[in-house]
Asker: 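A single structure is presented below for examination.
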Amino acid sequence: MTELSGDTPVAADDHVLAAWLAEEAGRLLLDLRAERGFADPRGLMDAADRASHDHLAAALARYRPGDAVLSEEGPAESGAPPRLAADRVWIIDPLDGTREYGEEGRGDWAVHVALWEKGALKAGAVALPAKGKTLATSSGGGAEIIDADGSSRSPLRVRDLEDPGHIRVTVSRSRPPRFMGALTRYLADRGVSADLIPIGSAGAKIAAVLLGEVDAYVHAGGQYEWDSAAPVAVALAAGAHASRIDGAELAYNRQDPTLPDILVCHPELAPMLLAGIGDVDEAP
């Protein structure tokens with residue numbers, strides 16, 4: 001495991017630690033991909049999930065030994081897990097977009113590291129290793145983009161809408177919400193055309209919103225806390241809207257980690273999209 005530079009002071013900053021953890025796991029995954037190749041995609045994906053989880057779990061045990069961890073690849077929970085009584089819980093997805101990771105040439109996969117503290121997301125980082133960047137919350141407030149080698153950091157703020165009358169909405173490659181067709185018609189009736197753009201991992205989708213590549217991300221039909229905690233932490237810090245598709249707040253570190261739907265978008269689009277989803281999702 002690479003050492004944190006400036007060990008004690010750097011490790012004391014949760015934002016820096018989250019970004020470092022995500023970046024280190026991302027480098028590990030890139031190396032594993034290069035080493036094993038794509039002849040056995042299932043074997044590659046399984047090895048990657050486990051290697052990244054083990055790396056992150058070991059680092060957190062070292063640098064945050066008193067904190068709890070909720071990981072997609074962690075042990076199965078039963079009853080009331082101890083993390084529910086913890087003040088600080090790291091919510092991690094060691095490899096978000098496992099399917100995309102196992103496909104040669106795809107870069108829409110990510111590593112998620114988030115910190116939940118006393119009821120709210122405190123810090124988060126989404127590494128996009130194949131794209132050479134990490135989106136993270138910042139120690140000074142807000143969010144930032146970090147280049148792969150750490151040499152360049154720039155502020156991250158949700159981009160202005162290029163054309164409010166023509167928006168781009170990213171959805172799941174395999175499970176787009178059943179109401180998307182009706183939603184696009186709802187928008188069209190109000191003078192807004194919408195292009196649907198499939199992207200792989202949830203982290204890559206939310207990153208696309210923050211980088212101005214799309215204007216909104218809509219998902220319904222199954223996710224867990226680790227799928228969205230880190231990207232939502234960054235999205236909120238960058239000034240984006242993030243909520244359930246009924247407008248309810250996204251809540252984390254619950255006994256049941258299922259968090260099945262989400263809307264992340266430019267804040268100007270949120271009222272229209274929430275109204276539209278509510279209208280078409282309730283239609284007979």
Asker: If only side-chain N and O atoms count, and only distance matters, is there a donor-acceptor pair under 3.5 Å linking H15 with S138?
Answerer: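 Absent: no donor and acceptor within the cut-off.
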Asker: Taking side chain as C-beta onward, heavy atoms only, is E103 less than 4.5 Å from P41?
Answerer: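 With C-beta onward as the side chain, the pair stays apart.
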Asker: If you look at every heavy atom in A194 and T184, which pair is closest and at what distance?
Answerer: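 Heavy atoms of A194 and T184 come nearest at CB-CG2, 4.2 Å.
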Asker: Write down the atom of A22, the atom of A125, and the distance for their closest heavy-atom approach.
Answerer: CB-CB, 4.1 Å
Asker: Kindly indicate whether the side chain of L56, heavy atoms from C-beta on, has any atom under 4.5 Å from the side chain of V111.
Answerer: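 Yes. Closest side-chain heavy atoms under 4.5 Å.
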Asker: Checking the side chain of Y101 only, and the main-chain atoms of D49 only, is there a donor and an acceptor separated by less than 3.5 Å?
Answerer: no
Asker: With no hydrogens and no angle check, is any side-chain donor or acceptor of R50 less than 3.5 Å from a backbone partner on E73?
Answerer: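 Between the backbone of E73 and the side chain of R50 there is a qualifying donor-acceptor contact (under 3.5 Å).
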Asker: Any donor and acceptor pair, going by atom type alone, linking the side chain of H266 with main-chain N or O of R159 inside 3.5 Å?
Answerer: yes
Asker: What closest approach, in Å, do A202 and D96 show between heavy atoms, and which atom pair accounts for it?
Answerer: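 Scanning both residues completely, I find the closest heavy atoms to be N-OD2, 3.0 Å.
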Asker: Determine the sole option in D14, D87, D13, D67 for which the salt bridge (charged side-chain N to carboxylate O under 4.0 Å, His left out) test with K122 is passed.
Answerer: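 Testing K122 for a salt bridge (charged side-chain N to carboxylate O under 4.0 Å, His left out) against D14, D87, D13, D67 leaves exactly one candidate, D14.
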Asker: Where do L259 and A251 come nearest, in terms of heavy atoms and distance?
Answerer: CD2-O, 4.0 Å
Asker: If you look at every heavy atom in A47 and R36, which pair is closest and at what distance?
Answerer: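 Result for this residue pair: CB-NH1, 3.5 Å.
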Asker: Salt bridge between D195 and R168, side-chain N to carboxylate O under 4.0 Å?
Answerer: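 Salt bridge between D195 and R168, a charged N being under 4.0 Å from a carboxylate O: no.
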Asker: Is the distance between the ring centroids of Y63 and W90 under 6.0 Å?
Answerer: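 No: the rings miss the under 6.0 Å criterion.
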Asker: Using a 3.5 Å distance criterion without hydrogens, assess whether the side chain of T137 forms a donor-acceptor pair with backbone atoms of G124.
Answerer: yes
Asker: Of the non-hydrogen atoms in V171 and K205, which two are nearest, and what is the gap between them?
Answerer: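 Closest heavy-atom pair between V171 and K205: O-CE, 3.2 Å.
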Asker: State whether the side chain of T258 and the backbone N or O of P260 hold a donor-acceptor pair below 3.5 Å, judged by distance alone.
Answerer: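 It does not hold such a pair.
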Asker: Any ion pair linking R106 and D108 (charged N to carboxylate O, less than 4.0 Å)?
Answerer: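 Salt bridge flag = yes for R106 with D108.
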Asker: Can a donor-acceptor pair be found, under 3.5 Å and without considering hydrogens, that links the side chain of S201 to the backbone of G97?
Answerer: no
Asker: Under a 4.0 Å N-O cut-off, is there an ion pair linking R42 with D46?
Answerer: yes
Asker: Side chains of L84 and N253, heavy atoms from C-beta outward: is any pair under 4.5 Å?
Answerer: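 When only atoms from C-beta onward are counted, N253 and L84 do touch, with a gap below 4.5 Å.
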Asker: Main chain of R254, side chain of R83: is a donor-acceptor contact present, judged purely on distance under 3.5 Å?
Answerer: yes
Asker: Can you tell me how the ring of W226 sits relative to the ring of Y224, calling it parallel under 30°, perpendicular over 60° and tilted otherwise?
Answerer: parallel
